[in-house]
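Fair warning: this is a prediction, and the values are worked out from it, not measured in the lab. Chain naming here is simple, since letters A, B, ... match the order of the sequence lines and numbering starts at 1 in each.
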Amino acid sequence: MKRRSLIRVIATREFMARIRTRVFTITTVLTVIAIGGYILLQAYVFNKPTATALDVGFVGAAQSIAAPVRAEAGAAGETITVHLYTSAAAGKADLESGTLDALVSGSGAGTVMAVQSTVDPTLETALNDQSRQQVLSEYLTQHDLPPSAVLSQLAFSVGVNELSPVNAARIEQIVVGLLVAGVLYVSMVIYGQLVAAGVIEEKSNRIVEILLATVRPWQLMMGKIIGIGLIALIQVVLVAAVALVLASATKLVSIPTLSVDVVISGVVWFVLGYLMYALLFAAAGSMVSRQEDVSSVALPVIFVLVAGWILALTVAAPDPGSVGTTVLSFIPVFSPVIMPVRIAAGVAPFWQVAISVVLVIGTIVLFAAVAGRIYRNSVLRVGGRVKFSDALGLPPSVDRPAQRFS
Amino acid sequence: MHAVLELSHLTKRYGQLEALRDLSFVVRPGEIFGFVGANGAGKTTTMRVVLGVLEADSGSVIWDGAPITFAARRRIGYIPEDRGLYPKMAVLAQLEYFAQLHGLKRAAAREASTALLERVGLADRGKSQLQSLSHGNQQRVQLAAALVFSPELLVLDEPFAGLDPVAVDSMTEVLRAEADAGKPVVLSSHQLDIVERICDRVGIINHGQMVAVGTVAELTERGPVRYWADAPGAGTGWYDSVPGTTLVEQDGSRWLVQLGDGTDDQAVLRAALATGPVREFRRDRPALTQLFRDVMSGTAVGEESDR
C-alpha cells in the first residue's frame, strides 16, 4: 500500500475521532465567542462615540451666547438643542431630572456650566471660546475698536504637518493583523498540545505497538499531525468567517482593510506555523508515557509560542514597519505570528514574505527530520521520560536499564 | 500461503542484561506454538523482534525461507502484551481502521470487520465504545483486530490474560480454526494448563534461552515412567515380582509405581490384577506445570534440537 494512502487512513481516523467530540464543539464555540466578544468590545466600549446630541439650558445673561455656542458645536459635529430659562431654579430642576445635559449661567468671566457628572469636551471648548469672545468684544467696544474686524483676524488655526500620521485606517490594519496573529497563536497552542496528547494516548495504551507493526513511525506521526491539523483548519476558517462578518457589521474595520489576501495569507501562515509547531509537540509527546507528564516536555515549545505572541503585541503591533519587526518576521519560529501583522499593515513587500515562507518551509523540513527521529526512538519506550540524548539516537548511555522490555 | 516462521540465533542485550541468548525455534504452518517462561524470560522481546518493533542485536527472523521484510510483517496478526486499542473509539470503526491500515479498501474493510465481529460473538456491540465492554469482550475485539486483515501468521502475547474459562474456550476455537487454515500461530502464556491443552508444541524459555522445545507429549514423556494403580486388594510389595519397580507414593488403595528402563508396564498390570480387582491403571504424566517448575529450578529436561 502506498505510503500516502496509509497517512490518509491515519489522518482520517484522527479527524473523525475528534470532529464529533464535545471538546471540538466547545472550543469552537468558545473561540468564536472570544473573537466575537473582542470585536464587539472594541466596537462598543473602547471606541464608544461621544454623544452627538445635547440639551443645554441657558439661564439669564448666559442666553446671549446660546446661539454662537450652538453654532460652534454644530461646526464640530455636535447638535445642541438650546433651552432658555429665566429662573435658575427651573433650569436646575431640569438638569437634575435629566432633561438637560448641561446648564449654563452667568456671563463673561463669570460663566458657569453645571453638569450631572461628565463634561462634554466639545461643548466645553465652545463655551470657553464664546465667553472669551464675549469678554473680548466688550473690551474692544470700550476701546472703540470694531470687534468683528479684530475677531475675524483671529479665526484661524495652527497648521499641522504629521511626519508619520496615525490615521484610522492604520489602526484598523494593526487590529486586523493582531486578530489574525492572535487566532493563529491560540490555535497553534491548542492544537499543538492536542497532537502531543494524541501521541501520548497511543503510547500509554500501547496501541502504538500494533500500529508500528504495520506503518512506519513517520507515517503515524504525519497522519496524526495532518488529521488534527484539518480540525484546526476548520476552526480557524470558521473563526475568520465570524470575524469578517462581525467586523464589517459593526463597522469596526472596513472590508477593504480586512482584505481577502490578508485572510488567505493568514490561513497559509496558520498551515505553516501549525506544521512547524505540531512536529515539535509530537516529538515532545513521544518522550513521555503519561498525560500528566506532557507539560514537562511541551513547556519549552509553548514558551517559544508565547514569546512570539508577546513580541507580536509589544514590538510588531506598535510599529509594524520598524526594523525590529522586520527582523523578527524573518525568524522562522516567530514568522507565523509576526508576518500577518506586517502583511495586514501593508508594510511587507512580497519578496520579504516569500523569503520568510521559504525559511519556514526549510525549518519544517528540519523539524520533521529531528522530530521523526525523536519520535521513532522514543515512542516504544515506556516508563519514565526518555532522555533527550536517547531520543535523538545519540550513542547510548552506559547501562541503561531495560525499561519494560521483558 | 503456508510458510514456516523460523527464529534463528537471536540475541538482544539491554545494557548488562541479556534479554535473548542465541534463541532459535521454528513454527510450522497449521501449528499452535506455545511460548512459556517466567516474567522477564524474554517472551515479549522475542515477539517484538518478530514484529519488527524491536531490533535484535544479531540473528535473524526467517519467513518463508527468506529474512522477513516489512511487507511480510504487515501480514502478521499481532496482540501485544498490554492491550492496544482506542478506548473511546467504536468497536466496528476500530476494526475497520486496522483493516484499512493493512491495505483493505473502505468497503472491504467494513465487510471484513462486520464478519469478524460476528465470528467473535460481538455482532451487536459494533457501535459501542471499546471502554464500555467487559474485559473479556475487549479481548475478543483485540483478537478480531489481529485477524481482520486475514493475516498469514499470528503472534499473540498473553492472549488469555484475565479471561474466564468460557472466553478462553471461544478464543481457543478461533485460534484452532486459524491454525487449521494453515497459519503458524505463536502465543505466549502464563497459564500452562491452557498451553498444555491447546498448543501443538511448546517452547520453554528461561533467561533468554530456549531450554526445551517439543510437543507436550514429548516433553512430559521425558521424565521417569510412572503408573498409578488403584488396587484395593493389594498389599505392600505387590509389585516386587516385576524387576525394576519402586514405589513412589501410596494414597489409600492407590499406588504410584516407578518403572525402570525396559520394565514392561503390562507385567506391572498383571501383578496388580493378581491381588484382586484393579479400578485404575494409568500412566502418570507430569503436568506442564511440573515440567516448567523443574526447568526453572534447574532440573533441566534436556535440550532438544530445533528443526
Side-chain angles (χ1 to χ4, degrees), chain A residues 1-3 5-23 197-198 201-220 223-224 227 289 291 376-383 390 393 396-406, chain B residues 12-20 37-54 70-71 73-90 93-94 96-106 109 130-131 142 145-146 149 155 157 188:
Chain A
M1 186 142 114
K2 293 219 184 63
R3 293 191 324 191
S5 58
L6 271 180
I7 293 180
R8 200 184 61 220
V9 169
I10 296 165
T12 306
R13 194 207 78 84
E14 294 294 337
F15 183 85
M16 294 312 286
R18 285 178 172 81
I19 193 81
R20 285 177 295 204
T21 58
R22 217 170 294 151
V23 177
E201 182 202 11
E202 283 177 350
K203 196 177 168 179
S204 66
N205 68 21
R206 311 298 288 148
I207 198 166
V208 71
E209 213 173 293
I210 304 187
L211 296 173
L212 288 189
T214 311
V215 300
R216 306 279 193 197
W218 160 256
Q219 297 170 327
L220 188 55
K224 183 170 286 293
S289 304
Q291 297 288 359
R376 192 179 65 228
N377 288 325
S378 311
V379 80
L380 285 170
R381 290 208 185 139
V382 221
D390 289 348
S397 49
V398 212
D399 296 348
R400 180 161 42 76
Q403 288 162 346
R404 278 196 50 197
F405 298 127
S406 56
Chain B
K12 176 76 187 172
R13 297 181 72 95
Y14 300 115
Q16 295 286 73
L17 184 89
E18 277 192 290
L20 297 182
N39 290 328
K43 301 189 296 288
T44 297
T45 300
T46 306
M47 295 198 165
R48 285 181 176 160
V49 168
V50 173
L51 260 297
V53 293
L54 202 62
F70 185 71
R73 281 181 162 131
R74 295 194 55 215
R75 308 302 309 159
I76 302 178
Y78 178 43
I79 297 187
E81 182 187 27
D82 306 275
R83 303 301 156 235
L85 291 172
Y86 295 100
K88 291 193 175 151
M89 203 171 167
Q94 197 132 217
E96 283 176 35
Y97 178 53
F98 282 108
Q100 285 190 303
L101 281 185
H102 284 89
L104 272 74
K105 293 263 174 280
R106 190 183 293 256
L130 182 84
Q131 62 185 6
Q142 191 83 52
F149 53 94
V155 176
D157 203 351
S188 73

> Taking A:Asn205, A:Thr12, A:Leu211 one by one, which has the highest count of heavy-atom pairs under 4.5 Å against chain B?
Replying inline: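 Answer, by heavy-atom pair count under 4.5 Å with chain B: A:Asn205.
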> With no hydrogens and no angle check, is any side-chain donor or acceptor of B:Arg74 less than 3.5 Å from a backbone partner on B:Leu101?
Replying inline: yes
> Under 4.0 Å between a Lys/Arg side-chain N and an Asp/Glu carboxylate O for A:Glu202 and A:Lys224?
Replying inline: yes
> Should B:His102 and A:Thr214 be marked as a side chain to side chain contact (heavy atoms under 4.5 Å, CB included) after you check the CA-CA gap, both sets of side-chain angles, and the distance that decides it?
Replying inline: CA-CA 7 Å; B:His102 284 89; A:Thr214 311; 3.1 Å; yes
> Between OG1 of B:Thr44 and CD of A:Glu209, what distance do you get to the nearest 0.5 Å?
Replying inline: 8.0 Å
> When rounded to the nearest 0.5 angstrom, what distance separates CD1 in A:Ile10 from CD in A:Gln219?
Replying inline: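 Here the interatomic distance stands at 6.0 Å.
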> Under a 4.5 Å heavy-atom cut-off, does chain B meet the side chain of A:Ala17, its backbone, both or neither?
Replying inline: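 The answer is neither part of A:Ala17.
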> B:Phe98, B:Phe149, B:Phe70: which one forms the most heavy-atom pairs within less than 4.5 Å of chain A?
Replying inline: B:Phe70
> Counting heavy-atom pairs under 4.5 Å to chain A, which of B:Gly84, B:Gly37, B:Ala71 comes out on top?
Replying inline: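 The option with the most such pairs is B:Gly84.
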> Side chain, backbone, both or neither: which part of B:Tyr86 has an atom under 4.5 Å from a heavy atom of chain A?
Replying inline: both
